[in-house]
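Counting begins at 1 with the first residue of the sequence.
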Amino acid sequence: MSAAFVPKSDFLRTLSERGFIHQCSDFAGVDEKAKAGALTAYIGFDCTAPSLHVGSLVQIMLLSWLQKTGGGRPVPLMGGGTTRVGDPSGKDESRQLLSIEKIDENKAGIKQVFSKFLSFGDGKTDAVMPDNAEWLAGLNYIDFLRDVGRHFSVNRMLSMDSVKMRLEREHELSFIEFNYMCLQAYDFVELHKRYGCIAQMGGSDQWGNIVTGIDLGRRMGTGQLYAVTSPLLTTSSGAKMGKTAAGAVWLNEDRLSVWDYWQYWRNTEDADTGRFLKLFTLLPMDEIGRLEALGGAEINEAKKILASEATAMVHGREAAQAAAETARRTFEKGETAESLPTVLISLGERDAGMGVLTAFVKAGLAASTGEARRLVKGGALRVNDEAVSDERATLGAADFRGGVVKLSMGRKKHVLLKAG
């Protein structure tokens, strides 16, 4: 945001001070609409997986702040139609085309998270959640080419980053993917017609597609439309948000436990703690300022607060507090907390004596016995808080205290192996 521009709306002021804004097509225009509570804005979410992950949280928070600040009406758009095509943005190869049944299944999973962040209804700032399959699935191809396609310049489409990157690297770009930007632009026009939508928000990689939608709207008589994008986030070490060595950090509990979600935020790099408190919590800015100022070992207290606040938004306050208590008992008191991730084995396996390497593989703490063996040699594995020194050791009934044995890799990864 230009240093000379001072927002008058709570919406843009909040986005600005918390670090959400990368680009905006018209700051004054968006600010005026938001100040009047008249900014209906959408963000599209394609249904490529049964859950969104942490990488989508910035976009969800944009919609949430629009509603919380009274700036207008948030519209999370389900991409039931565009998912059938596949967005080429940021991809070196074509996305796998999904069946309609799989897309619907994914859509049902994705919808679950939005009720945690948005209020839906018929009020002025109540959210609505349409699906672009409503207007895309029934399109007549000839009519679409005549009425909409004629407004697109192939020259300009070839200059778009999502297309240019593929062509420069000589990676295949299918014709169906080439049309994705046309469909996204048409979504903007349809959402304006159906819901009075005047702004599209998204990550900075979507800027070209969003501006294309603004241009299509102008050509098709929608009046002034707006674009707002957020920065694409990476951690201070350069890692992509929402991904870990163990896989995606999913928002749905059936894909990732509350404990693992809490731990993801607790493991935030020191340099990212203040930034993430601004983006992923609702804490007041003065409190965030206090936490940002903590140094040395005290920064860990700020990380615990970040973990609990971020987890509470997705999984509820009670679940977040339980995860924090599990961490306290496990790391600070050395207890075996029953709410740690648990893997079941049979009584027969326990009584037969399970190799310690096999146990760590079953618990998901090692990918193979070979990896477990290397971890033993590095002193990284513990059973019931005792270091494993013998790779040929076995776990017997005596190791299962209260029916469980606690397996640990390093200081922060713990799993209970339960016989039953």
- Check: E101 main-chain N/O paired with E105 side-chain donor or acceptor under 3.5 Å: no
- Message: Can you tell whether the side chains of E325 and R328 come within less than 4.0 Å, N to carboxylate O?
- Response: yes
- Query: Would you say the side chain of N300 lies within less than 4.5 Å of the side chain of R266, judging by non-hydrogen atoms?
  - Reply: yes
- Message: Walk me through whether W250 and L52 qualify under side chain to side chain contact (heavy atoms under 4.5 Å, CB included).
- Response: CA-CA 6 Å; W250 301 105; L52 297 176; over 6 Å; no
- Query: Is there a side-chain contact between L375 and F360 (heavy atoms, below 4.5 Å)?
  - Reply: no
- Item | Polar side-chain atom of N132 near backbone of G81 as donor-acceptor pair, under 3.5 Å | yes
- Task: Quick one: closest heavy-atom pair of V128 and P76, and the distance?
- Result: O-CD, 3.0 Å
- Task: Find out whether W135 and D187 are in side-chain contact, i.e. whether some heavy atom of one side chain is under 4.5 Å from a heavy atom of the other.
- Result: yes
- Q67 (side chain) donor-acceptor with T125 (main chain) under 3.5 angstrom: yes
- Note on the structure: Shortest non-hydrogen pair, Y261 vs L251, comes out as OH-CD2, 3.6 Å
- Task: Applying ring pair (Phe, Tyr, Trp, His ring centres under 6.0 Å), run through F120 and F114 and close with a yes or a no.
- Result: CA-CA 9 Å; F120 291 83; F114 287 96; 7.4 Å; no
- Item | Verdict with supporting geometry, Y195 and Y42, ring pair (Phe, Tyr, Trp, His ring centres under 6.0 Å) | CA-CA 10 Å; Y195 299 99; Y42 90 95; over 10 Å; no
- Message: Is it the case that the side chain of N252 and the backbone of R255 share a donor-acceptor pair, with hydrogens and angles ignored and the cut-off at 3.5 Å?
- Response: no
- Query: Short question: side chain of S115, backbone of Q112 - any donor-acceptor pair under 3.5 Å?
  - Reply: yes
- Query: Can you tell me how far OH of Y264 sits from OG1 of T311, rounded to the nearest 0.5 angstrom?
  - Reply: 11.5 Å
- Message: With a sphere of 6.0 Å drawn around NZ of K8, does it hold more than 12 non-hydrogen atoms of other residues, nucleotides or ligands?
- Response: no
- Run the salt-bridge test on E269 and K303 with the 4.0 Å N-O cut-off and return the result as yes or no. no
- Message: Ignoring hydrogens and geometry beyond distance, is a side-chain donor-acceptor pair present between D260 and S257 at under 3.5 Å?
- Response: yes
- Determine the minimum heavy-atom distance between K124 and A36, stating which atoms define it. NZ-O, 3.4 Å
- Give a yes or no on whether the backbone of G223 and the side-chain of R218 come within a donor-acceptor separation of less than 3.5 Å. no
- Item | E253 and V258: CA distance, side-chain angles, deciding distance, side chain to side chain contact (heavy atoms under 4.5 Å, CB included) verdict | CA-CA 6 Å; E253 189 176 354; V258 177; 3.6 Å; yes
- Hey, is D131 close enough to K107 for a salt bridge, meaning N to O under 4.0 Å? yes
- Roughly how far, to the nearest 0.5 Å, is the OG1 atom of T369 from the CD atom of E391? 9.5 Å
- Item | Atom of L282, atom of M61 and distance for their closest heavy-atom approach | CD2-CE, 3.9 Å
- Query: Where does the angle between the aromatic ring planes of W265 and F276 fall among parallel (under 30°), tilted (30 to 60°) and perpendicular (over 60°)?
  - Reply: perpendicular
- With distance as the sole test, does D272 use its side chain to make a donor-acceptor pair with the main-chain N or O of T268 at under 3.5 Å? no
- Message: Under a 3.5 Å threshold, yes or no: a donor from one side chain and an acceptor from the other, between D46 and T82?
- Response: yes
- Task: Compare all side-chain heavy atoms of I60 with those of V113 and state whether any distance is below 4.5 angstrom.
- Result: yes
- Under 3.5 Å, is there a donor-acceptor pair between the side chain of D215 and the main chain of T212? no
- Task: Check the pair I21 / F27 against side chain to side chain contact (heavy atoms under 4.5 Å, CB included), numbers first and verdict last.
- Result: CA-CA 10 Å; I21 298 178; F27 282 115; 3.9 Å; yes
- Message: Any non-hydrogen side-chain atom of L98 less than 4.5 Å from a side-chain atom of N106?
- Response: yes
- Query: What distance do H192 atom NE2 and T40 atom OG1 have between them, rounded to the nearest 0.5 Å?
  - Reply: 9.5 Å
- Task: Look up atom CZ in R18 and atom CZ in R13, then write down how far apart they are to the nearest 0.5 Å.
- Result: 12.5 Å
- Task: Applying side-chain hydrogen bond (donor to acceptor under 3.5 Å, both in side chains), run through S408 and H414 and close with a yes or a no.
- Result: CA-CA 4 Å; S408 306; H414 309 271; 2.8 Å; yes
- Smallest separation among heavy atoms of L118 and P74, with atom names: CD2-CG, 3.9 Å
- Item | Pairing of K278 and E17 as salt bridge, 4.0 angstrom limit | no
- Task: Report the distance from atom OG of S368 to atom CG of L357, rounding to the nearest 0.5 Å.
- Result: 9.5 Å
- Message: Could you tell me if the side chain of F20 sits less than 4.5 Å from the side chain of L279, heavy atoms only?
- Response: yes
- Message: Determine whether E349 and K362 satisfy the following criterion, salt bridge (charged side-chain N to carboxylate O under 4.0 Å, His left out), listing intermediate values before the conclusion.
- Response: CA-CA 12 Å; E349 287 177 295; K362 275 189 171 289; 3.3 Å; yes
- Heavy-atom check, side chain of F5 versus side chain of L12, under 4.5 Å: yes
- Message: Apply side chain to side chain contact (heavy atoms under 4.5 Å, CB included) to residues F11 and L39 and explain how you reach the verdict.
- Response: CA-CA 10 Å; F11 177 58; L39 185 70; 3.7 Å; yes
- For W65 and D10, does a side-chain donor sit closer than 3.5 Å to a side-chain acceptor? no
- Going by the side-chain hydrogen bond (donor to acceptor under 3.5 Å, both in side chains) test, name the single residue among Q59, Q23, Q206 that passes it with S230. Q59
- Query: So, the side chain of R290 versus the backbone of D286: is there a donor-acceptor pair under 3.5 Å, distance only?
  - Reply: no
- Would you sort out whether K304 and E309 count as a salt bridge (charged side-chain N to carboxylate O under 4.0 Å, His left out), showing the intermediate values? CA-CA 9 Å; K304 292 174 189 175; E309 293 298 317; over 6 Å; no
- Walk me through it: do D31 and K35 pass the test salt bridge (charged side-chain N to carboxylate O under 4.0 Å, His left out)? CA-CA 6 Å; D31 196 43; K35 190 172 187 301; over 6 Å; no
- Measure across A227 and W207 and return the closest heavy-atom pair with its distance rounded to 0.1 Å. CB-CZ3, 3.8 Å
- Query: Is there side-chain contact between T273 and L291, with heavy atoms separated by less than 4.5 Å?
  - Reply: no
- OG/S25 to CD/Q224 distance, rounded to the nearest 0.5 angstrom? 6.5 Å
